[in-house]
Participant: 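This structure is in structure tokens; I'll ask about it shortly.
Naming convention: chains lettered A, B, ... in sequence-line order (proteins, then strands); numbering from 1 in each chain.
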Amino acid sequence: MKTAVVVFPGSNCEHDVVYALETLGGSADLVWHRDTDLSGYDSVVLPGGFAHGDYLRTGAIARFSPVMAEVNRLAASGAPVLGICNGFQILCEAGLLPGVLLQNRDLKFICKPIHLRVESTNSILTRAAQVGDVLEIPLNSYEGNFTAAPSELASLESAGRVPLRYSDASGNIDATNNPNGSTNNIAAVSNGNVAGIMPHPERAIELILGSADGRILLESFLESKVSSHV
Amino acid sequence: MSETLPIHQALGMTDDEYADVCDILNRPPTEAELAMYSVMWSEHCSYKSSRAFLGRFPTSAPWVVVGPGENAGVVDLGDGWLAALRIESHNHPSFVEPYQGAATGVGGILRDIFTMGARPIALWDQIRFGPLDDPHNRYLLAGVVAGVAGYGNAVGVPTVGGEVAFEECYSGNPLVNVMCLGIMRKEQLVLGTAGTPGTIAVLLGSSTGRDGIGGASVLASASFDAGSDTKRPTVQVGDPFEEKKLIEACLELYDRALVVGVQDLGAAGLSCATSEPAARAGTGMDVDLGRVHVREAGMSAAELLMSESQERMMAFVDPANVEAVLAVATKWEIDASVVGTVTAGDTLRISYNDRVVAEMPAASLSEAAPILRRDSAQPDWLEGLWADTLEYRETPDITSCLLEVLADPSIGDPSWVYEQYDHQLFLNTIVGPGENGSLLRIKGTEKALAVSTDGNGRQCYLDPQRGGANLVWEAALNVAMLGAKPMAVVDNLNFGNPEKPEVMWQFIETVEGMSLACEALGVPVVGGNVSFYNETDEVDIYPTPIVGMLGLADPAPRSVPRLDSAEEGMSIWMFGPQDSRNLAGSAFEKIIKGHVGGRPTSSNPTIGKAVIELAIALAQQELVPVMHDISDGGVAVTLSEVCIASQVGAHVAYSSWAGLFAEAPHGFIAAVPDNHAAAIRAIADDLGVPLNELGTFGGDHISFDDTRGGVTSIPLSEAGVAWSGAIRSRMG
Amino acid sequence: MADTTTVTVNIRRRPSISDPQGATVARALRDLGHDVSDVRIDKTIELQVPPGDADSIRAAVTEMCEKLLANPVMEDFEIVINP
Amino acid sequence: MADTTTVTVNIRRRPSISDPQGATVARALRDLGHDVSDVRIDKTIELQVPPGDADSIRAAVTEMCEKLLANPVMEDFEIVINP
Ligand SMILES: Nc1ncnc2c1ncn2[C@@H]1O[C@H](COP(=O)(O)OP(=O)(O)O)[C@@H](O)[C@H]1O
Ligand SMILES: [Mg+2]
């Protein structure tokens, strides 16, 4: 499987994502946001960073990049499409995922390892994991506070489309282990073959850097086959 | 007020300097020329008060590729790799507008690094404020940290460490220093040279506006007082998004060998970015200001030449490559304009609207800048201060003293600060903030780079020479504990008003102390920065040099000592001089007694070097899971930090309570597993490093036994609460 | 005569969407001793567009808002064409 | 009768201060085919304060602006007390 990692002006995690996917046996290329042909690829990652400086709203300008037509096409064709951090924000702005990511509750950028509990394995991020697994993954964002209209939230929850929530090390989920104010402690959202995650799994693939718990998420992504979730 | 001043004085120039300009030109300067000389000859750009003394620093070593004088120092890491490093201050701009001041400080230091051809891989911030019980200081801290985060995170360079400290003397004058490290392959090195005649000057990046006009000369070269509001230039606003694109575009230009030289536009903007490269190349240059892309209409030539608009670079390009350079700019969505041509001879000629507005020898702006030998004199209060030592008649209550020291914002947990910084980007950060120093791997190699930045204004106030030397030793020990050999220093010298002889004396003494330590270590100074006029209402800050030490671990240890790796049953050993420590200038006396006096302990090069070798050996051979240097707060704080990080108690014996809190260079503690004890002792004996078995890790209390049977026992959880709340509880 | 028309767009966060910034500022104002029951922080975007009749300007700016300037999930907008 | 008065504070970046956000949005609008020569993005803060006479409300809000809401070195503010 070959993955396109999209570079917007202002992206900055693109090299890290390529490094992580390749370390896990995948194959990935950087593609520029003005590219209009992703026909050689069967999956896409929108990496973290600050596309277009996050000006106006995170992801608002990036969603109009020429490459997004191809991202939409791949998403519609059932190819795995993953947004990490800023990429998650872009997918929301583009309407491929519901909701928005607001500023963190405490109005401060947060960079620290947090815990995530696996809530559902029905997503391109968690298919190789088990419900109840607790993962330690770095969070790194200013606008990570997920919210959505009440009806959308209800349908996300009832359809089991929340694969990961913020928790403590033992998997307890409550307000005291919600780092950024995210509704229902939501850390990731899934929509068939499309998913967005706020923390950075690519930063947790080697113990020497603190944690290897992100492997299972990226391995899930690499194992996801076109159309397997449509 | 200043309406009646002659224009050169209004620009901060003395009558003598004005006469020099007339001599160089053989006529009175035009307004544009005067603008250029005034910024280029300002303290900030010309180092006129410090240059004569900075020559004292040792600057050479076989691995130095570029020493002081260029935009950044460059050292050879072996196997075709180079590292570029530099440190800068943005003290005055951060006082005026903390967020933008800190943000543009980050932007500026990044440009110094990628100007050399290197990709910036990490930042460190060293920040100092007045006490946090004053809401204005809280506002400044919050704004500065948000500014470093807002720019560094968005531009995509991790901030992997730094320092934060609080002291009354910084209340009216916070210090905001930022250090940057970049790496590159040997062939990518670029210098700030204009090349040969015919080379084309291309201005890349942001448009030029009236931002920060006179910023360098006015802000950084004069003092603040109550009436200085009107002197303040327009605040510069950083745009990390533009800088990110500029970094990527420049790195592509270097990769494809499309430029012969590059110079960033920092203080003094276009004046500097045209004259300095020409001076370095021994050429002249014709520049047409009409071709500069601008963001405001109607700017005068002087304004264009002095503007400090951020995120701009000047590239010097062979005419055959100009099209390719412009295409790279278009790809990265940045603006570019061809603004000049390098000429034979040495004349910098600037025209605007078909008129020549300035014409001078290019080198006269930098090389003919005045060099002052300002008066210096040992402060008359110094000996009194040395004599002002405290007598202790009874043993203080160790529990309450330790808890109070741990809860002090200069000592306690700085994570409130660094959790706002992306410190992991690029997946290199083996050891990040919160440890002795930072360790960054170079992917695809066995190498890792260690950096520690250290400052201690209080000690330097009490004895600038000893203080300056001690900082070098502290920073070197910090990188050694990560398994790295110290290899280069950058320094930031933050001082008061150089027109006062005692400030110049502090400056010269500091440089002497740092130089002696660097010479003993065999470590060159490859770059630095001087910030004078850090005073408010005539009160100078403590002399506050910051040392940034780079070390190379080759290979990097697989398992690096960390503070959180102590385990029940491991022994606690203390290495280094055992009884030279002293309470003068210590955190204990400052925090508990409100006292700053006495004379700090001096360093000892023989022991210092042996201790550093020992630390490297212990880390490289993976013999100890924990090492931590004894610095602010003495052994008591050093040990507590390990206990808190590792979540394990400790039991130690002491013979004098003062020994728990005293401070001196060259000491560290380590957690010693039984099976390595003999090997460790053998290495220490071999190197001649004294050691002392203090006790063992275990339990859930930090306990101190005196030799007469008294026990002080502090619950680990209480120590942890005190330490973690130091900044967080005050900042909310 | 001006050669552009100024259009002001007020972008307002929907009441149902939480406003961490407004809440924080309200708290800070109360800490400073001010009597403030509620604070909301919104965005004002001022555009310079070519002069023309109000209807076509409004149509163009509405399109800008729907496409880019406002996020329909969380924001409403209001367009004021300055005379 | 409302039991609070609504005060609107318009916070505007001084014209001499660069506005990278506005410039980026202007470029994006042009890329989308819109004819826009300049964009500036400012903040509007809406406060609910206890009813009272206009002068004392204005004095209180001015103090809030000077202390907290506006940045005196980069921004100007304008206070509108809604009737
Ligand atoms: N302003 C800051 N930015 C980033 N990291 C910081 C900052 N201040 C402190 N740190 C980190 O916290 C750790 C402890 O700092 P400090 O107490 O100054 O250590 P030490 O006394 O051992 O030099 C260091 O690793 C440092 O990198
Ligand atoms: Mg230290």
Participant: Of all of D:Leu29, D:Thr6, D:Val9, D:Asn10, which one pairs up most often with chain C through heavy atoms under 4.5 Å apart?
Facilitator: D:Leu29
Participant: Going through the checks in order, is the side-chain contact (heavy atoms from CB on, under 4.5 Å) test met by D:Leu68 and C:Leu32?
Facilitator: CA-CA 9 Å; D:Leu68 184 74; C:Leu32 288 174; 4.2 Å; yes
Participant: Tell me, out of D:Val49, D:Asp35, D:Val61, who's got the most heavy-atom pairs with chain C below 4.5 Å.
Facilitator: D:Asp35
Participant: Heavy atoms only: give me the nearest C:Ile45-D:Val39 pair and the separation to one decimal.
Facilitator: CG2-CG1, 3.8 Å
Participant: Specify which of D:Gln48, D:Glu63, D:Lys67 makes the most heavy-atom pairs with chain C at under 4.5 Å.
Facilitator: D:Gln48
Participant: Looking at side-chain heavy atoms only, is the closest gap between D:Ile11 and C:Thr44 below 4.5 Å?
Facilitator: no
Participant: Between D:Ser37 and C:Thr4, is any side-chain donor less than 3.5 angstrom from a side-chain acceptor?
Facilitator: no
Participant: For residues C:Asp42 and D:Lys43, determine if any side-chain heavy atom of one lies less than 4.5 Å from a side-chain heavy atom of the other.
Facilitator: no
Participant: Hey, which of D:Asp38, D:Val36, D:Val25 is the one that makes side-chain contact (heavy atoms from CB on, under 4.5 Å) with C:Leu47?
Facilitator: D:Val36
